[in-house]
Amino acid sequence: MRIAVTLNGADNVGKTTNARWLASALPDVEFTGTVDRWDRRWAEVSRRDFSQWWFVDSTTDEHIDLVFSSHAARSAGGGPLALEDRGWPMLVATCAATAAVKDGISTAEALALVETTARRYAPTPRRELHLLLRHSDQAAAEAHHAVSREPVTATERYVEYQRRLAEAIDLQVDAGKYQAIVVRGDRPLLDVQREIREAVAQIDVPVAPLPPDRIEHLWVLAGMSESGKSTVGELLRTEHTATRLKIGYLMQLAAERHGAADPYRDWNEVIQAQMLSEEILRFAALNPGSHRISLESAHRFDATAHLRRIWGQRCEILFLRLPDRLRAQRATETMESLSARDAIKHSRGGDRIALIADTVIDNGRSLAALKRAVTEVVHRRSGTKVPPHADTAIPEALQPVLADCVARLTDSETALVAATGSLAHQGWQPGWSDIDLLVVRDTLPLDWLQSRHVPQSGPAGEKIALSSFTTREMLTGSVPPRVLHAVRQIAHDGCGVLYRRSDLVLNAFDAPTDDRASRGELPLVAMVLRRLAANPEPDVRAVYKHIVLIMKVILRADGVDLDGSEEVRLAFITSHPDADVDLPAVAEVSGDRWRQDETLSYRVRGAAAKILAYHDKLGRTAASDIPKTEGSDLR
């Protein structure tokens, strides 16, 4: 029994692109394409004003005859498994929308007319499976997306045609003309293709599934020769846990997998991007730690542009720019050789990638400047509006001093004033907790900070600690780990916000970034705790806070994200009983209780010894897992 799988949908929904990609996943399929390949009359009509013939010069009968004669020829010419770009129901909808515009009749009337007339052109008997790809499940939105994605301004007639086409598709959906429906919306092409393959599999057609998707982010590095792509790729690998991959290597794997002698000659750039994406997925599936990919080096414009369509917002294109003089100085080859390589990249549109890049990095400055630029690129990608002011329960005694601080710190450049730490998360204890404030301002000249005269202490002598950062530093993550965590929490729930400017955007850092930053600070926290605890008369309050901070970092590495000291203490004791840390509850030691009860002070100092010993033990355990190799000694 011959089978035909057809991919249908309104204009600009991605039928042809998805059909060609789908064809590579169907064994022994014949991609028969669109009907205009199957009748010579299409070439003759196209030589004239095609739109004029389509909507004005031809009669509805002539139009239907051309479309369905071509479809009958295509049906007869396909092999045992055919893949068609627009099948029978879509051709009916197209002719019906045209007739409705041309003849001034309702869409329903036109649909009935075309269905009746088209029966004269019955195709060769076969099993047909019609899959509909939609912009939206609402007709008005369907038509709008079809028109808005036109590369040129649409005429009124074309707009009306798309409206009628969307109506016809809606009527067909209600009548059950399609065996599967995939709504594209604004999703990346990769997600749409995956759902299409799943839909085809569900209608009993064998199709190779896409590899599982474990990619969090994909940085695509482009630029002329010797512009610094390799340096940026290495920075992403060593400082930001990205796996560094080469496009040429992946394309060679794809060619071997599909039997292509030369992937750049045998495949156009759209197909190259699709095959490259499959290899990225496959590599990440086989290497579980590779969820952030640095990809070098892109120098084909169309392939790079399509790579972004495939991956959507997860794909970020970085273009490295360096003056010719500096490129020549840094290169290990002659200028003639460098120019020859540049000429090849220019011929492929490599220089034009700068026009579609998310970031163009000027690499003509120091290595320190480049490292900072890369860090900003990594951290700024998840910027989000701060949620509305959350109901933070500020203790009544602190309300006047906090109101005074906010008044002193806010002006036209101030973007945020927030309480952080225990004050933001209902864990503040009088006589024990500090008042931690965060201010974010567009600029932070030192004379502005000096002129604010923010109080140094609260009503009962509580220390007021003010941390200040620029809006750029906050968005790009150029902040200490504890501040990064506070910003993440504010972006998530708004807790602690005392003032915010309506246009404020903060980086909603993800949990892995938060965890990595915290663990990076752990050696410093341990060092300070050792220093504090070794003092013959230690500051028990400071020791307690550092014990809790180490617990937080360890819990965060376990995937447990808590802020309140008491929550942290209980969670750590439960999940790490072998640490044997006997840390008193916050309520037991808060205020001056620890001064009044020597036992409490002794327990806190003992807990410091236990948590430091446990921290050391974890480090030794991790080190013992590293395999020993010959020649690993220092020479």
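Being a predicted model, the structure only gives us computed values, none of them experimental. Just so it is clear, the values below take in all heavy atoms, side chains as well, and ignore hydrogens, waters and symmetry mates.
- Residues passing the side-chain hydrogen bond (donor to acceptor under 3.5 Å, both in side chains) test with R187, sequence neighbours excluded: E195.
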Practice prompt. For K552 and E567, run salt bridge (Lys or Arg N to Asp or Glu O under 4.0 Å): C-alpha distance rounded to whole Å, both residues' side-chain angles, the deciding distance at 0.1 Å, then the answer.
Written response: CA-CA 10 Å; K552 282 184 183 180; E567 290 179 309; over 6 Å; no
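- Sorted by first then second residue, the salt bridge (charged side-chain N to carboxylate O under 4.0 Å, His left out) pairs that include residues 553-566, not counting sequence neighbours, are R488-D561, D514-R556, R556-D561, E566-R569.
- In this view, P188 and D191 satisfy the side-chain contact (heavy atoms from CB on, under 4.5 Å) rule, not counting sequence neighbours.
- Here the side chain of H217 pairs a donor or acceptor atom with the backbone of R314 at under 3.5 angstrom.
- Every salt bridge (Lys or Arg N to Asp or Glu O under 4.0 Å) that R308 has, sequence neighbours left out, goes to D358.
- Evaluation of the ring-ring contact (aromatic ring centres under 6.0 Å, His included) test over residues 434-455, restricted to residues two or more places apart or in two chains, returns none.
- The residue from I464, L466, I435 that alone fulfils the side chain to side chain contact (heavy atoms under 4.5 Å, CB included) condition with P455 is I464.
- Between R530 and D616 there is a salt bridge, with a side-chain nitrogen of the basic residue lying less than 4.0 Å from a carboxylate oxygen of the acidic one.
- No donor-acceptor contact under 3.5 angstrom links the side chains of T599 and R603, judged on distance only.
- Using a 4.5 Å heavy-atom cutoff, the side chains of L235 and L370 are in contact.
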Less than 3.5 Å apart, which donor and acceptor atoms pair up between the side chains of residues 532-540 and the rest of the protein, not counting sequence neighbours?
from	atom 1	to	atom 2	distance (Å)
N535	OD1	E537	N	2.9
D539	OD1	R541	N	3.2
D539	OD1	A542	N	3.2

